[in-house]
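What you see is a predicted model, and the numbers here were worked out from it, not measured in a lab.
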Amino acid sequence: MGAPAAQLLLLLFACCWAPGGANLSQDGYWQEQDLELGTLAPLDEAISSTVWSSPDMLASQDSQPWTSDETVVAGGTVVLKCQVKDHEDSSLQWSNPAQQTLYFGEKRALRDNRIQLVSSTPHELSISISNVALADEGEYTCSIFTMPVRTAKSLVTVLGIPQKPIISGYKSSLREKETTTLNCQSSGSKPAAQLTWRKGDQELHGEPTRIREDPNGKTFTVSSSVTFQVTREDDGAVIVCSVNHESLKGADRSTSQRIEVLYTPTAMIRPDPPHPREGQKLLLHCEGRGNPVPQQYLWEKEGSVPPLKITQESALIFPFLNKSDSGTYGCTAISNMGSYKAYYTLNVNDPSPVPSSSSTYHAIIGGIVAFIVFLLLILLIFLGHYLIRHKGTYLTHEAKGSDDAPDADTAIINAEGGQSGGDDKKEYFI
């Protein structure tokens with residue numbers, strides 16, 4: 001009997017042997033009677049149960065199909081690929097973990113619109129399953145109907161996506177130095193996720209993640225708690241609980257909780273202007289900080305019995321400063337969390353004109369002009385000295401070049417005709 005005839009005979013045998021009256025319709029689909037849709041007889045089990053004694057029917061290794069394990073996130077799409085080198089004129093088949101045939105060659109066997117044919121050739125059968133659910137996890141079997149039937153397994157792992165975590169345990173507000181405990185919980189992860197804590201950019205070391213199996217028996221609920229003492233710097237801080245899981249592929253899935261811390265006030269006094277002088281107007285601002293913000297400010301001056309009157313919010317105003325206003329002033333900031341007192345020492349300086357921008361400009365111009373005049377005077381002095389020196393040198397050379405030059409204390413004013421051998425007039429000035 002030839003191989004094609006034997007294969008056809010085996011297929012007919014499997015159809016007749018299928019439980020519940022399953023048979024093959026004319027269009028190649030399996031039809032079920034009184035059974036769950038798509039339940040087919042495990043052909044590979046039927047054929048593999050037969051003991052083959054003929055050595056000619058032992059298939060070579062080239063007839064062994066191969067597949068690969070796949071991991072998919074719930075709700076995603078997985079592709080199952082089965083390949084064989086030598087198909088021996090047989091078709092490939094995919095079946096699910098319940099041994100329901102999904103595709104026999106290019107023929108659909110299970111009426112599930114999520115399952116689609118990707119590729120069907122004598123050497124490959126690839127199908128895709130979309131919108132994968134946790135129930136789709138398990139071993140899928142690829143079979144080829146040689147003698148004997150050969151199979152390959154593909155383990156499909158479905159990852160359960162963890163839900164957004166929930167933070168509990170926070171009350172409306174916390175007092176400074178109070179210790180608080182926050183709890184975080186996330187359900188639906190598979191495998192179990194891990195939880196981490198942080199405050200702003202600072203990591204918080206919480207308790208190890210606790211794991212509890214969900215009622216469906218497939219996913220897990222994880223929880224964690226963190227305990228810390230709050231300070232005034234934590235007022236407005238954001239506490240974040242994040243869930244880490246391979247199904248998220250690095251995406252952030254976290255929940256944040258902003259905390260409020262109540263603390264006693266602080267205060268400082270700021271003068272305006274910073275360097276007050278006699279005759280000026282002065283404002284002493286008492287700047288309070290706290291939660292809640294201080295609502296009352298009391299001013300006093302050391303040595304003065306009655307409290308000073310506030311005339312503008314938290315500021316103390318001096319309309320016209322004089323030296324009698326000098327002294328140490330105190331401001332008490334008060335809230336329902338407590339009070340704080342700040343001090344400022346006021347020293348009233350003598351009045352002095354404050355240079356304006358125009359006077360500064362004139363001073364600069366005057367300085368430049370004075371410098372230029374100074375340079376000109378220096379230049380004139382040097383020039384006069386130079387001229388005097390060179391004029392004296394000229395007269396000395398003139399006196400040495402004349403034979404009729406008189407003595408140092410004699411001057412010949414008019415020598416015309418008084419000497420022989422010359423008509424020139426010579427004048428000497430000593």
Side-chain angles (χ1 to χ4, degrees), residues 266-287 289 299 301-304 308 310-331 342-430:
T266 59
M268 63 174 294
I269 299 174
R270 178 178 58 86
D272 182 22
H275 305 289
R277 295 184 178 274
E278 189 176 7
Q280 288 183 326
K281 179 181 178 180
L282 173 67
L283 278 78
L284 293 182
H285 296 277
C286 188
E287 298 177 345
R289 178 178 177 268
W299 283 95
K301 180 182 179 182
E302 288 187 355
S304 177
L308 301 176
I310 301 175
T311 57
Q312 180 179 325
E313 295 182 355
S314 62
L316 183 64
I317 299 179
F318 298 85
F320 189 86
L321 272 180
N322 55 60
K323 289 193 174 182
S324 64
D325 294 323
S326 297
T328 300
Y329 291 82
C331 171
Y343 292 93
Y344 174 77
T345 300
L346 173 62
N347 293 316
V348 180
N349 298 318
D350 293 331
S352 61
V354 179
S356 63
S357 59
S358 60
S359 61
T360 303
Y361 173 76
H362 293 157
I364 294 175
I365 297 299
I368 295 175
V369 171
F371 180 72
I372 294 174
V373 171
F374 175 74
L375 290 180
L376 291 176
L377 288 176
I378 296 295
L379 182 61
L380 289 174
I381 292 173
F382 275 97
L383 183 60
H385 183 67
Y386 176 80
L387 292 176
I388 291 172
R389 288 188 58 187
H390 279 265
K391 185 176 181 181
T393 303
Y394 170 76
L395 292 176
T396 302
H397 284 291
E398 195 70 26
K400 288 182 180 181
S402 174
D403 294 335
D404 300 328
D407 294 335
D409 53 353
T410 305
I412 299 176
I413 300 174
N414 187 4
E416 182 179 359
Q419 295 181 1
S420 59
D423 297 328
D424 296 334
K425 183 192 289 184
K426 297 183 180 180
E427 294 182 356
Y428 296 87
F429 299 93
I430 304 300

Sorted by first residue and then second, give each salt bridge (charged side-chain N to carboxylate O under 4.0 Å, His left out) pair with at least one member in [range]; sequence neighbours left out.
{"range": "residues 321-330", "result": "Lys323-Asp350"}
{"range": "residues 366-387", "result": "none"}
{"range": "residues 367-377", "result": "none"}

[atom1] of [X] to [atom2] of [Y]: how many Å apart, nearest 0.5 Å?
{"X": "Arg270", "Y": "Cys331", "atom1": "CZ", "atom2": "SG", "value": "12.5 Å"}
{"X": "Glu278", "Y": "Ser324", "atom1": "CD", "atom2": "OG", "value": "8.5 Å"}
{"X": "Leu383", "Y": "Ile378", "atom1": "CG", "atom2": "CD1", "value": "13.0 Å"}
{"X": "Arg289", "Y": "Glu287", "atom1": "CZ", "atom2": "CD", "value": "12.5 Å"}

For Ile372, the side chain to side chain contact (heavy atoms under 4.5 Å, CB included) test, sequence neighbours excluded, returns Ile368, Leu376
According to side chain to side chain contact (heavy atoms under 4.5 Å, CB included), who are the partners of Ala342, at least two apart in sequence or on a separate chain? Ala267, Ile269, Tyr340
Could you walk me through whether Leu282 and Val348 pass the side chain to side chain contact (heavy atoms under 4.5 Å, CB included) check? CA-CA 10 Å; Leu282 173 67; Val348 180; over 6 Å; no
For Tyr344, all residues meeting ring-ring contact (aromatic ring centres under 6.0 Å, His included), sequence neighbours excluded: none
Does Lys281 use its side chain to pair, donor to acceptor, with the backbone of Pro273 at less than 3.5 Å? no
If every non-hydrogen atom of [X] is compared with every non-hydrogen atom of [Y], which pair is closest and at what distance?
{"X": "Trp299", "Y": "His285", "result": "CZ2-C, 4.4 Å"}
{"X": "Gln280", "Y": "Arg277", "result": "OE1-N, 2.9 Å"}
{"X": "Glu302", "Y": "Tyr343", "result": "OE2-CE2, 4.2 Å"}

Is the shortest heavy-atom distance from the side chain of Pro271 to the side chain of Leu346 under 4.5 Å? no
Within the structure provided, determine whether Cys286 and Leu316 are in side-chain contact (heavy-atom separation under 4.5 Å). no
